[in-house]
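In what follows, a structure is listed as structure tokens, so that the remarks can point back to it.
Throughout, numbering of the chain's residues begins at 1 and tracks the sequence.
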Amino acid sequence: MEKLKVQLTKEQLFDFLLYHTFSKASGFLVNMLGMCVIVLGAVMQFIGKIQFGQCVLYVIAGVVVLGYTPLLLRHRAKKQMEVNPEYRDPREYTFSDEGICVAQNGEEKTYDWSKIQRTVTTPKTIGIYYGKDLAFIIPKEAFGDRFVPVMQMVVQHIGLNNVRLTQ
């Protein structure tokens, strides 16, 4: 049995939201759209179809497309930390052979290992998904020296092919 005490910050939540959004096809396509608008403007300017001022407008539009999602997610993370106790209040995770027990604000709920779908890493967090868009977000620093035992338990119960660990 391994216990972790977690206090999430808005930066860590933002980090996870970025991963969650851009790891999907829609996030990739938004980035491609922004880059295509910039490249299209540059190519059209290079072949003489548009003036320099119009090319600048293409570049600005592309940058807006590229920057919109991260700005929106930063705002959403800040708002969620203010209004959602699931993120704002401290949590305690207990990993055992039965599953993951989450204790917060005097309430406990245990999630059986069969409910855990996958585990992913972001630069600042580990996300343990227990639904399509539902995940426990645990900052890497919360693991301390218990990272290896916790991850061994996760791998043992959900399988290595459902765990994506990167630097």
Side-chain angles (χ1 to χ4, degrees), residues 1-36 39 62 65-81 83-167:
M1 184 179 319
E2 297 289 337
K3 288 188 178 197
L4 302 176
K5 293 184 186 219
V6 172
Q7 177 62 62
L8 199 60
T9 66
K10 67 181 174 195
E11 291 79 19
Q12 293 161 338
L13 180 57
F14 170 65
D15 176 73
F16 184 77
L17 291 174
L18 273 177
Y19 169 84
H20 183 77
T21 301
F22 287 112
S23 66
K24 295 179 180 179
S26 59
F28 174 75
L29 291 174
V30 167
N31 280 342
M32 290 304 298
L33 174 64
M35 291 305 297
C36 286
V39 169
V65 170
L66 290 171
Y68 175 76
T69 300
L71 289 173
L72 176 68
L73 293 176
R74 184 171 298 282
H75 174 71
R76 190 173 292 162
K78 180 182 177 199
K79 193 74 162 167
Q80 286 297 319
M81 289 300 292
V83 301
N84 192 337
E86 179 181 350
Y87 301 125
R88 181 187 64 227
D89 298 345
R91 281 184 150 188
E92 184 175 273
Y93 294 92
T94 304
F95 295 80
S96 69
D97 286 332
E98 288 75 44
I100 303 172
C101 180
V102 181
Q104 185 178 41
N105 298 329
E107 295 180 20
E108 282 188 8
K109 183 170 182 182
T110 300
Y111 296 81
D112 187 77
W113 286 111
S114 65
K115 302 280 186 222
I116 307 302
Q117 298 176 355
R118 69 185 193 278
T119 299
V120 299
T121 59
T122 71
K124 297 179 184 172
T125 62
I126 303 288
I128 301 174
Y129 282 85
Y130 60 95
K132 184 179 186 300
D133 291 326
L134 302 170
F136 304 125
I137 305 167
I138 304 174
K140 287 181 178 177
E141 63 196 33
F143 285 90
D145 61 352
R146 295 182 306 278
F147 181 80
V148 172
V150 170
M151 283 295 117
Q152 284 177 333
M153 190 177 298
V154 170
V155 168
Q156 175 186 351
H157 290 286
I158 71 169
L160 187 57
N161 58 330
N162 294 318
V163 177
R164 292 186 206 106
L165 298 177
T166 59
Q167 283 277 15

So which atom in Val163 and which in Gly159 form the shortest heavy-atom distance, rounded to 0.1 Å? CG2-O, 3.6 Å

Among all residues two or more places apart in sequence or in another chain, which pass the side chain to side chain contact (heavy atoms under 4.5 Å, CB included) test with Leu17? Leu13, Leu73, Ala77

Who are the side-chain hydrogen bond (donor to acceptor under 3.5 Å, both in side chains) partners of Ser114, not counting sequence neighbours? Asp112

Quick one: side chain to side chain contact (heavy atoms under 4.5 Å, CB included) partners of Asp133, sequence neighbours excluded? His20, Lys24

In Å and rounded to the nearest 0.5 Å, what is the CD to CZ distance from Gln7 to Arg88? 10.0 Å

Partners meeting ring-ring contact (aromatic ring centres under 6.0 Å, His included) with Tyr130 (sequence neighbours left out): Tyr111, Phe136

Find the distance between OG1 (Thr125) and CD (Glu11) and round it off to the nearest 0.5 Å. 12.5 Å

Are side-chain heavy atoms of Asp97 and His157 found at a separation under 4.5 Å? yes

Which pair of non-hydrogen atoms, one from Ala142 and one from Leu4, has the smallest distance, and what is that distance? O-CD2, 3.5 Å

Using every non-hydrogen atom in the two residues, find where Leu66 and Met35 come nearest and quote the distance to one decimal. CD1-SD, 3.8 Å

In chain order, what residues pass the side-chain hydrogen bond (donor to acceptor under 3.5 Å, both in side chains) check against Gln104, with sequence neighbours excluded? Arg91

Under the 3.5 angstrom rule, does the side chain of Trp113 hit a backbone N or O of Ser96 as a donor-acceptor pair? yes

How long is the straight-line distance from OH of Tyr129 back to CD1 of Ile116, given to the nearest 0.5 Å? 12.5 Å

So CG of Asn162 and CD1 of Ile128: to nearest 0.5 Å the spacing works out to 12.5 Å

Mind checking whether Gln12 and Ile137 have side chains closer than 4.5 Å, heavy atoms only? no

Side chains of Met151 and Ile126: closer than 4.5 Å at any heavy-atom pair? yes

Only counting residues at least two apart or in another chain, list the ones meeting ring-ring contact (aromatic ring centres under 6.0 Å, His included) with Phe147. Phe143

Is the shortest heavy-atom distance from the side chain of Val120 to the side chain of Ser23 under 4.5 Å? no

Just verifying a value: how many Å separate Glu108 CD and Thr110 OG1, rounded to the nearest 0.5 Å? 6.5 Å

Indicate the atoms forming the closest heavy-atom contact of Asp15 with Pro123, along with that distance. OD1-CD, 3.3 Å

Taking the side chain as every heavy atom from C-beta outward, state whether Phe95 and Pro149 have any atom pair closer than 4.5 Å. no

Do Lys78 side-chain atoms and Phe14 backbone N/O form a donor-acceptor pair below 3.5 Å? no

How long is the span from the NE2 atom in His75 to the NZ atom in Lys10, to the nearest 0.5 Å? 11.5 Å

Looking at every heavy atom in both Tyr87 and Gln80, which two are closest together, and how far apart are they? CE1-OE1, 3.6 Å

Take atom CZ of Arg74 as the centre, draw a 6.0 Å sphere, and report whether it contains more than 12 heavy atoms from other residues, nucleotides or ligands. no

